[in-house]
Amino acid sequence: QVQLVESGGGLVQAGGSLRLSCAASGRTFSNYAMGWFRQAPGKEREFVAAISWSGGSSYYADSVKGRFTISRDNAKNTVYLQMNSLKPEDTAVYYCAADPSLVVLTTKPSRAGYWGQGTQVTVSS
């Protein structure tokens, strides 16, 4: 059982930075792969980044590679998304997700076991 709560969203100017946090409940957090997804107005949800349960491997969408960094602190049951050099096209609701399977999380996100409620990120030009 995992409950996810995102925070850290807000309004930022283009070129700025923002760090999102996803706090998870449960003592089995370290056994879950974690990911970030986003959904812009009028668009479908898209993959942003994911990290393995151990934190040893991370994956990024081409659109954010080099700008965003995903990390996790299992001791704090928290996963982060550091977003730098933000662009207006990054504007979206960002969701945190968790699943025991990294494959399921990254290839079949609709099947992922747990999702947060999302946090709004707005990048102004």
Side-chain angles (χ1 to χ4, degrees):
Q1 300 295 324
V2 178
Q3 184 176 45
L4 308 174
V5 180
E6 301 97 334
S7 63
L11 176 65
V12 64
Q13 292 184 324
S17 299
L18 207 60
R19 188 179 76 162
L20 305 183
S21 297
C22 175
S25 65
R27 290 175 287 179
T28 60
F29 174 78
S30 63
N31 293 327
Y32 286 78
M34 303 292 296
W36 286 97
F37 296 78
R38 66 187 183 187
Q39 187 168 20
K43 298 182 179 180
E44 294 186 354
R45 180 180 56 192
E46 66 173 338
F47 169 77
V48 176
I51 189 167
S52 63
W53 68 267
S54 67
S57 300
S58 58
Y59 308 87
Y60 300 92
D62 289 341
S63 60
V64 306
K65 207 164 190 175
R67 299 189 298 121
F68 291 10
T69 302
I70 188 171
S71 62
R72 67 190 297 165
D73 186 339
N74 289 347
K76 296 181 178 179
N77 284 359
T78 302
V79 64
Y80 306 94
L81 184 67
Q82 178 65 48
M83 305 183 293
N84 298 325
S85 301
L86 284 163
K87 305 175 181 179
E89 50 262 45
D90 293 319
T91 295
V93 176
Y94 284 70
Y95 298 91
C96 177
D99 195 272
S101 172
L102 181 62
V103 172
V104 168
L105 184 66
T106 58
T107 64
K108 302 290 183 181
S110 62
R111 298 181 184 178
Y114 303 94
W115 289 87
Q117 294 301 306
T119 184
Q120 177 70 49
V121 171
T122 302
V123 184
S124 64
S125 59

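Sequential numbering from 1 along the given sequence is applied to the chain's residues. These numbers come from a predicted model, not from an experiment.
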* Between the side chain of S25 and the main-chain N/O of Q3, is any donor-acceptor distance below 3.5 Å? -> yes
* R38/D90 salt bridge by N-O under 4.0 Å criterion -> yes
* Asked: Would a distance-only check, ignoring hydrogens and angles, find a side-chain to backbone donor-acceptor pair under 3.5 Å from E6 to G118?
  -> yes
* Structure fact -> d(Q39 CD, E44 CD) to nearest 0.5 Å is 8.0 Å
* Asked: Under the 3.5 angstrom rule, does the side chain of N77 hit a backbone N or O of A23 as a donor-acceptor pair?
  -> no
* Angle class for the W115/Y95 ring planes (parallel below 30°, perpendicular above 60°, tilted otherwise)? -> perpendicular
* To do: State, with a plain yes or no, whether a side-chain heavy atom of S110 is found less than 4.5 Å away from one of R45.
  => yes
* Interatomic distance, I70 atom CD1 to Y80 atom OH [nearest 0.5 angstrom] -> 12.0 Å
* Asked: If you take all heavy atoms of P88 and A14, which pair is closest and at what distance?
  -> CD-CB, 4.1 Å
* To do: Measure the CD-CG distance between Q82 and L18 for me, rounded to the nearest 0.5 Å.
  => 8.0 Å
* Asked: Any sub-3.5 Å donor-acceptor pair from T122's side-chain atoms to T91's backbone N or O?
  -> no
* **Distance, nearest 0.5 Å, that separates CG of L86 from OG of S125** => 13.0 Å
* Taking all non-hydrogen atoms of both residues into account, name the closest pair between T106 and F47 and its distance. => CG2-CE1, 4.2 Å
* Structure fact -> On a heavy-atom basis, the closest approach of L4 and M34 is CD2-CE, 4.0 Å
* Structure fact -> Taking every heavy atom of S124 against every heavy atom of L11, the minimum-distance pair comes out as CB-CD1, 4.3 Å
* What pair of heavy atoms forms the shortest contact from V64 to V48, and how long is it? -> CG2-O, 3.5 Å
* Closest non-hydrogen atom pair between L105 and F37, with its separation -> O-CZ, 3.3 Å
* Got a donor-acceptor contact below 3.5 angstrom from the R67 side chain to the S63 backbone? -> yes
* To do: Scan S21, C96, S71 and name whichever one has a side chain to side chain contact (heavy atoms under 4.5 Å, CB included) with V79.
  => C96
* **Sequence neighbours excluded - ring pair (Phe, Tyr, Trp, His ring centres under 6.0 Å) pairs with any residue from residues 60-79** => none
* To do: State yes or no: do Y59 and I51 share one hydrophobic cluster built from I, L, V, M, F, W and Y residues joined by side-chain heavy-atom distances below 4.5 Å, directly or via other members?
  => no
* Check for a donor-acceptor pair, side chain of S52 on one end and backbone N or O of S57 on the other, with a separation under 3.5 Å. => yes
* Structure fact -> When rounded to the nearest 0.5 Å, the distance separating OH of Y94 from CG of L81 is 7.5 Å
